[in-house]
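For reference, the structure discussed in these notes is given below.
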Amino acid sequence: MWAIGIKEFRQLRRDRRTLALMIVAPMLLLVVFGYAARFDVDEVPTVLVGEDAGQIAQLAPDEFAVVDARAGGRAEAEDALQRGEAAVALVAGPAPIVLVDGAELFSAQAALRALAGSAQVAQPAPRPQVEVLFNPQLQTSAVMVPAIAGMIVVFIGTVITSLGVVRERQAGTLEQLGVMPFRPRDVFVGKVAPYFVVASIDLAAVVGISVWLFDVPFRGSAGTLVLGSLLFLFVTLGMGILISSVSENQGQAVQLALMAVLPQVLLSGMIFPIESMAAGVRWIAYLLPLTYFIELARGVMLRAAPVDALWLPLAMLAALGVAVFGLAVVRFRRDLAPAGRRTPQRTRPRTRALEAVR
């Protein structure tokens, strides 16, 4: 038994990748998630609407961080919240109005607590009217279901896809495809297409069931959500192929896939609000595709945000898709190319040596 234990320890020590995932990764995750695991939002983005912005600013609690001030009335305030420019809008007038974006659940809860506990709002004359838009009951399911739909796509696109391609490599069928008269892009598309179809069906089913069973509103354009979903699928499938190309077996693929999925679940705003994260950790959230899909899905389903207001998440998903998918294609082509080119490269020096002897 002691000899077996020593043998396993030596084998583990030689496997540097697994050893790093066992020791370095937990420490890194502890530091990152320790700064990210907060539900309290200290600053709520706020827009001031009205001719007298200075007067309405006096009604804002300290937690309200003013990001813009503009002329207009309630319509302009609702448009600012619908486009995701702020989480709270203060409208000046004879009867001041405070509009809160219920689609931003954590920011809305923080805003309502600040309004209830602010001395400036407790005794004003006249007292402002508070109204929650887009998610009046502040239902958790309304903001969680779009995020869960994205998480399911991440799981299928990253974990399942990587395991499927690695299994092909271990079985030797990937090398057999390399010597067949197939172009690398044909093999790549053929491998990715089934996972793309399954992930698309799952995403449509999750959205449909959530609207029917959990009464999650769908107020926006289905075409905008479809466009964002396609871009998001390209990113996740590219991550799965990329992970499979650097993994030697299914065990390594699972480890790397979990390392790619876990930060997206915890740092994308699905569980913890991005606004509450430390600045040193928050930048990681802006590199994760799930962050932008959640922003897009909530904007379409809850706020009916127009497509021009969602240009940033769409552009970021497109950029990430091109980068990740392009790198995955390059790695996949590299895996297939040696199977057909290995023999000529190795036999050429031997042929020259035989000619020299003759």
Side-chain angles (χ1 to χ4, degrees), residues 25 29 32-33 36-39 103-106 135 139-164 192 195-214 216-218 220 224-244 253-277 281-282 284-302 310 313-314 316-317 320-321 324-325:
L29 293 177
V32 172
F33 298 149
R38 296 179 56 197
F39 292 99
E104 298 292 336
L105 182 61
F106 298 105
N135 184 19
Q139 296 179 353
T140 305
S141 60
V143 297
M144 285 299 297
V145 167
I148 293 174
M151 183 188 67
I152 292 175
V153 174
V154 169
F155 181 80
I156 294 176
T158 304
V159 180
I160 306 300
T161 303
S162 62
L163 288 178
V192 172
Y195 301 102
F196 184 87
V197 173
V198 172
S200 302
I201 294 175
D202 284 340
L203 180 60
V206 169
V207 174
I209 293 174
S210 64
V211 174
W212 170 66
L213 187 61
F214 297 103
V216 176
F218 195 107
T224 303
L225 183 61
V226 169
L227 175 61
S229 301
L230 292 177
L231 295 175
F232 183 55
L233 283 172
F234 276 114
V235 181
T236 56
L237 291 174
M239 291 176 61
I241 298 297
L242 187 60
I243 289 173
S244 68
V254 170
Q255 293 172 347
L256 293 177
L258 291 178
M259 289 293 297
V261 171
L262 191 58
Q264 296 200 67
V265 174
L266 297 178
L267 300 179
S268 62
M270 175 180 176
I271 299 177
F272 306 109
I274 298 177
E275 296 80 6
S276 66
M277 299 179 186
V281 177
R282 190 181 306 171
I284 302 177
Y286 297 124
L287 299 178
L288 303 176
L290 185 57
T291 300
Y292 299 102
F293 178 79
I294 292 176
E295 180 181 352
L296 185 142
R298 288 174 178 172
V300 171
M301 297 180 65
L302 301 182
L310 300 172
L314 289 173
M316 289 301 301
L317 286 175
L320 291 173
V324 175
F325 210 81

Atom pairs and distances, side-chain donor-acceptor, residues 263-273, under 3.5 Å, sequence neighbours left out:
residue: Gln264; atom: OE1; partner: Leu290; partner atom: N; Å: 3.2
residue: Gln264; atom: NE2; partner: Ala260; partner atom: O; Å: 3.4
residue: Ser268; atom: OG; partner: Gln264; partner atom: O; Å: 2.4

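- Not counting sequence neighbours, Glu295 has no partner by the salt bridge (charged side-chain N to carboxylate O under 4.0 Å, His left out) test.
- Aromatic ring centroids of Phe234 and Phe196 lie under 6.0 Å apart.
- In this structure, CZ in Phe232 is found 8.5 Å from CG in Leu203, a value given to the nearest 0.5 Å.
- Considering only heavy atoms from C-beta on, Tyr292 stays 4.5 Å or farther from Leu314 through its side chain.
- Nearest heavy-atom pair across Ala285 and Ile274 is CB-CD1, 4.2 Å.
- No side-chain heavy atom of Met277 sits less than 4.5 Å from a side-chain heavy atom of Ile284.
- Here the OG1 atom belonging to Thr291 is positioned 12.5 Å from the CZ atom belonging to Arg282, to the nearest 0.5 angstrom.
- Considering CE of Met316 and CG of Leu288, their distance stands at 10.0 Å, rounded to 0.5 Å.
- Heavy atoms only, all atoms of each residue included: Leu163 and Ala253 are closest at CD2-CB, 4.2 Å.
- Of all the heavy atoms in Val235 and Val324, the pair that sits closest is O-CG1, 3.8 Å.
- A distance of 7.5 Å separates CZ in Phe325 from CD1 in Ile241, rounded to the nearest 0.5 Å.
- Leu296 approaches Thr224 most closely through the heavy-atom pair CD2-O, 4.1 Å.
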Please list, one pair per line, the donor and acceptor atoms closer than 3.5 Å that link side chains of residues 141-162 to other protein atoms, with sequence neighbours excluded.
residue: Thr158; atom: OG1; partner: Val154; partner atom: O; Å: 3.0
residue: Thr161; atom: OG1; partner: Ile156; partner atom: O; Å: 3.2
residue: Thr161; atom: OG1; partner: Gly157; partner atom: O; Å: 3.0
residue: Ser162; atom: OG; partner: Thr158; partner atom: O; Å: 2.8
residue: Ser162; atom: OG; partner: Val159; partner atom: O; Å: 2.8

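- The minimum heavy-atom distance linking Gly228 with Leu317 is given by the pair O-CD1, 3.7 Å.
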